[in-house]
Amino acid sequence: MMNGMNMNKMMKQMQSVQTNMKAEQEKLNATSFTGKAPDDMVVVTFTGDRKMTDMTVKPEAIDPDDPDMLSDLVIAAVNDCMTNIEKATRDSLGKYTKGLPGM
């Protein structure tokens with residue numbers, strides 16, 4: 001059973017962790033991440049909070065006879081970028097959530 005001193009110390013530590021996590025999340029949100037389709041046919045840029053800020057499409061990716069190819073390239077680039085954001089988030093915030101249930 002915890003006495004009042006230990007509980008206060010633990011609460012202060014939790015507040016410190018929350019403050020640090022928030023700062024790291026804000027830093028991630030402000031970071032630009034890129035995702036690329038094969039051969040860089042489509043390159044997308046997202047912020048860490050998953051808002052697209054840019055997309056570059058190579059002219060050869062635009063085939064009027066095969067619009068599905070362009071769709072597939074955009075999907076590949078976006079999925080690549082989301083993977084990069086998830087990895088950076090896990091690397092950055094994982095140290096705070098390690099060992100917590102459900103994380």
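Because the structure is predicted, anything quoted here is derived from the model rather than measured. Heavy atoms only: backbone and side chains are in, while hydrogens, waters and symmetry mates are out.
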To the nearest 0.5 Å, atom CE of Met21 lies from atom CE of Met14 at 9.0 Å
Point-to-point distance, once rounded to the nearest 0.5 Å, from NZ of Lys22 to CG of Asn20:
12.0 Å
Is there a path of hydrophobic side-chain contacts, each under 4.5 Å between heavy atoms, that joins Leu93 and Ile85?
yes
Check: Val44 and Asp54 side chains under 4.5 Å, non-hydrogen atoms
no
Any side-chain heavy atom of Val78 within less than 4.5 Å of one from Phe46?
yes
Among residues two or more places apart or on two chains, list those pairs meeting side chain to side chain donor-acceptor pair (under 3.5 Å) that have a residue in residues 55-67.
none
Would you say that more than 12 heavy atoms from the other residues, nucleotides or ligands in this model lie under 6.0 Å from the CG of Asp39, or not?
no
Rounded to the nearest 0.5 Å, what's the gap from CG on Leu28 to CG on Asp49? Could you check?
9.5 Å
Quick one: are Phe33 and Thr53 in side-chain contact, heavy atoms under 4.5 Å?
no
Would you call Ile62 and Pro67 a side-chain contact if the rule is heavy atoms closer than 4.5 Å?
no
At what distance, to the nearest 0.5 angstrom, does CG of Asn29 lie from NZ of Lys51?
7.5 Å
Same cluster or not: Met41 versus Met52, using hydrophobic residues (I, L, V, M, F, W, Y) connected whenever any side-chain heavy atoms lie under 4.5 Å apart?
yes
Going by the side chain to side chain donor-acceptor pair (under 3.5 Å) test, which pairs reach into residues 82-95, not counting sequence neighbours?
Glu24-Ser92, Glu24-Lys95, Lys87-Asp91
On a heavy-atom basis, the closest approach of Ala37 and Ala77 is N-CB, 3.7 Å
If you define the side chain from C-beta out and look only at heavy atoms, does anything of Thr45 sit under 4.5 Å from Met55?
no
